[in-house]
Amino acid sequence: MCGIVGYLGKRKAYPVLINGLKRLEYRGYDSAGVAMINDQGQLNVYKTKGKVSDLEAYASDKDLTGTVGIAHTRWATHGEPNSVNAHPHFSASGNLAIIHNGIIENYAVLKKQLMEKGVEFKSNTDTEVLIQLIEYIQTSKHTDLLTAVRMALHTVIGAYAIAVLDRNNPDQIIAARKSSPLVVGIGEDEFFLGSDASPIIEYTKKVIYLDDKDIAIIRRGEDVKIVDFYNEELKHDVTEVALDLAQIEKGGYPHFMLKEINEQPDCLMDCMSGRVNVDVNNVVLSAVIDHRQRLVDARRFIIVACGTSWHAGLIGKQLIEDICHVPCEVEYASEFRYRNPVINSTDVVIAISQSGETADTLAAVELAKQKGAFIYGICNAIGSSIPRATHTGSYIHVGPEIGVASTKAFTGQVTVLTMLALALGKERGTIDQQKYVNLLHELHDIPEKMKTLLQQCTDNIHEIAKIFTYARNFLYLGRGYNYPVALEGALKLKEISYIHAEGYPAAEMKHGPIALIDEEMPVVVVATKNVLYEKVLSNIQEIKARHARVIALVNEGDETIKRMADAVIELPQTQECLEPLLATIPLQLMAYFIAVCKGKDVDQPRNLAKSVTVE
Ligand code: F6R
């Protein structure tokens, strides 16, 4: 849940490290730090509470020389976010510095053992325990740094991506990973490290994605060497990253979130490109072709995911049951992994994750695999841990999502789930040809409709946001395919504006939440003209009878609801199962504008991080 960067080469390390941290700030931003070996061979560490910009201000008058260094932007797990607990951490002698993303679960036991041996600690972090352990092994067993790192990693339990710098060996960085991502970039006589490829791509496109239990030895003038914990050398392919800089910059928008909301029509076109073919009326997913029989024979689908990806999963369940006529369950990955779920070899588990690194989802995948299920990943980050742990899958191809609140990943996930349901429904013979053709044409037209919607609704929603900025609570209601939309709208609002918001299936309102409704509680109702329209209409009447203000999402030209609601957002007409792809857009915009009106940090909301690589 932190971002780590490293550099060893011919350039000044500091600008590379700071730029890299800015690219990784989405992963955590409560403190930041950098360690560099300067031109005189001293190991300098500068760290501070706050964001990378605070670190830059703090370091501006310091010695920033040196061509090797490591840097970190943190999302606190152990120890409050302050400059003492910020990374890098030193070993007792001050010779070693470490940065770490992850959690050392047995740190308390190890700390106690080290303290009994006289080691003193400066911070409350699990990370300091690791570097002290490495140094303790190095000095007590008279080993080199690599051996000490290997031995320490045999001892620790947990998740980590680490990089270690040694003052006595200024031409080397040792890095390792287990359950936290780490990428090595290979340039001309220079090397980079990053939690993902974004800090690396402006210098080189050549990267090695480290696997679990890999240790990378990066030495000036040598090729990168990768060994396992037993020092056996491993061979890894060098991958060419297909990411360019424009994709990870704001492109004129004030926030990444607004850029990413507006990118959705193009993202969905990319997501469908080569997959939805209207000329020959076909939806093709290579995973469905490659694993046709396994998927056709599936007796049950189980979707595991967290947060927004779980909401996409709820839509996936309805699509799979409606179109493929096969039972589908949706589980929070965090619950699934700690139950003893009954899994059969005829089950297919679909893991949905934007980052591909969410610790709970990854653990759920491992558990389901052990129990014999076939695992299908739906992820965004190419080469991340979940796609590598699954049997097959489909990337959503929406490009890097930097804003912490997920937007384009959600619509990308729903689009892939729709294509999967269509491709599989056809193979299973559970969808008739006319419905299949209609749906694939409608799906193909969604980006155009989304573009029009964005043009038509943005100003209206900005005005609505100004009116409702001061509300303290919100209720979001929807039914059928729009129930997950209500959940997602509420989640977006609470995470970036810090307004309390609840999503409910509209009919559940009577079973409790109606008690909350009064003139102080705005209610957002997704009320499109589908089979449940009349029922949602009665819900609106019940809400109005209690004097609450209603913001309704309706189909174009719905005069009935226009007369009843306080604010109306019109959506283009589409097939019911595709409505979430359109209805989500105004709710993302509403959350965005309310948060902006409240002066909140939209892209980096408090207490959150983009990639939750710890439990
Ligand atoms: C909400 C949000 C989170 C993520 C969740 C899962 O805007 O971004 O709820 O959806 O942490 O993350 P991934 O999809 O990376 O597994």
Side-chain angles (χ1 to χ4, degrees), residues 1 3 24 26-28 75 101 179-181 195-196 255-258 260-261 264 303-316 330-337 349-366 375 377-390 393-396 398-414 416-417 476 484-485 487-498 501 503 584-585 587-592 595 600-615:
M1 204 81 145
L24 290 178
Y26 70 86
R27 299 177 68 87
W75 186 83
N101 168 32
S179 306
S180 289
S195 295
D196 64 31
H255 298 100
F256 281 113
M257 182 177 178
L258 189 59
E260 287 160 6
I261 291 173
Q264 289 176 99
I303 296 178
V304 290
C306 304
T308 288
S309 300
W310 183 80
H311 295 158
L314 294 177
I315 296 167
V330 189
E331 298 231 24
Y332 284 117
S334 52
E335 291 297 314
F336 179 87
R337 66 179 288 196
V349 169
I350 302 179
I352 308 178
S353 173
Q354 186 286 131
S355 61
E357 299 293 350
T358 300
D360 285 322
T361 311
L362 187 55
V365 164
E366 296 299 351
I375 321 287
I378 297 181
C379 296
N380 190 33
I382 315 279
S384 53
S385 301
I386 294 171
R388 289 193 290 154
T390 52
S394 305
Y395 282 112
I396 61 174
V398 298
E401 191 180 65
I402 314 281
V404 163
S406 191
T407 52
K408 60 181 183 171
F410 175 78
T411 46
Q413 290 162 348
V414 174
V416 166
L417 286 160
Y476 285 69
V485 173
L487 292 179
E488 178 58 8
L491 178 63
K492 285 294 86 94
L493 185 70
K494 66 185 124 185
E495 65 185 330
I496 59 170
S497 73
Y498 318 145
T584 307
I585 306 286
L587 301 188
Q588 294 170 344
L589 282 170
M590 199 167 86
Y592 170 79
K600 302 299 179 203
D601 188 344
V602 172
D603 282 336
Q604 294 177 346
R606 69 182 181 203
N607 305 340
L608 293 177
K610 185 73 188 156
S611 175
V612 187
T613 54
V614 293
E615 283 186 56

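Read the numbers this way: they start at 1 and go in the same order the structure lists the ligands and their atoms.
- Salt bridge status for Arg337 with Asp360: present, with a side-chain N to carboxylate O gap under 4.0 Å.
- Between the side chains of Glu357 and Ser384, no donor-acceptor pair of N or O atoms lies under 3.5 Å.
- Across Glu260, Gln264, Lys492, a single residue satisfies side chain to side chain donor-acceptor pair (under 3.5 Å) together with Gln588, and that is Gln264.
- Between the side chains of Glu488 and Thr308, at least one donor N or O lies within less than 3.5 Å of an accepting N or O.
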*Begin with the C-alpha distance, continue with both residues' side-chain angles, and end with the deciding distance and a verdict on side chain to side chain contact (heavy atoms under 4.5 Å, CB included) for Val602 and Phe256.*
CA-CA 9 Å; Val602 172; Phe256 281 113; over 6 Å; no

Quick one: table the atom pairs, ligand 1 N or O against protein N or O, below 3.5 Å, distance rounded to 0.1 Å.
{"unit_1": "ligand 1", "atom_1": "7 (O)", "unit_2": "Thr308", "atom_2": "OG1", "d": "3.4"}
{"unit_1": "ligand 1", "atom_1": "7 (O)", "unit_2": "Ser406", "atom_2": "N", "d": "2.8"}
{"unit_1": "ligand 1", "atom_1": "7 (O)", "unit_2": "Lys492", "atom_2": "NZ", "d": "3.0"}
{"unit_1": "ligand 1", "atom_1": "7 (O)", "unit_2": "Glu495", "atom_2": "OE1", "d": "3.2"}
{"unit_1": "ligand 1", "atom_1": "7 (O)", "unit_2": "Glu495", "atom_2": "OE2", "d": "2.5"}
{"unit_1": "ligand 1", "atom_1": "8 (O)", "unit_2": "Val404", "atom_2": "O", "d": "3.4"}
{"unit_1": "ligand 1", "atom_1": "9 (O)", "unit_2": "Thr308", "atom_2": "N", "d": "3.2"}
{"unit_1": "ligand 1", "atom_1": "10 (O)", "unit_2": "Thr308", "atom_2": "N", "d": "3.1"}
{"unit_1": "ligand 1", "atom_1": "12 (O)", "unit_2": "Thr358", "atom_2": "OG1", "d": "3.4"}
{"unit_1": "ligand 1", "atom_1": "14 (O)", "unit_2": "Ser309", "atom_2": "OG", "d": "2.6"}
{"unit_1": "ligand 1", "atom_1": "14 (O)", "unit_2": "Gln354", "atom_2": "N", "d": "2.7"}
{"unit_1": "ligand 1", "atom_1": "15 (O)", "unit_2": "Ser353", "atom_2": "OG", "d": "3.4"}
{"unit_1": "ligand 1", "atom_1": "15 (O)", "unit_2": "Gln354", "atom_2": "N", "d": "3.4"}
{"unit_1": "ligand 1", "atom_1": "15 (O)", "unit_2": "Ser355", "atom_2": "N", "d": "2.8"}
{"unit_1": "ligand 1", "atom_1": "15 (O)", "unit_2": "Ser355", "atom_2": "OG", "d": "2.6"}
{"unit_1": "ligand 1", "atom_1": "15 (O)", "unit_2": "Thr358", "atom_2": "OG1", "d": "3.4"}
{"unit_1": "ligand 1", "atom_1": "16 (O)", "unit_2": "Ser353", "atom_2": "OG", "d": "2.6"}
{"unit_1": "ligand 1", "atom_1": "16 (O)", "unit_2": "Thr358", "atom_2": "OG1", "d": "2.4"}

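- For Glu335, there are no salt bridge (Lys or Arg N to Asp or Glu O under 4.0 Å) partners two or more places apart in sequence or in a different chain.
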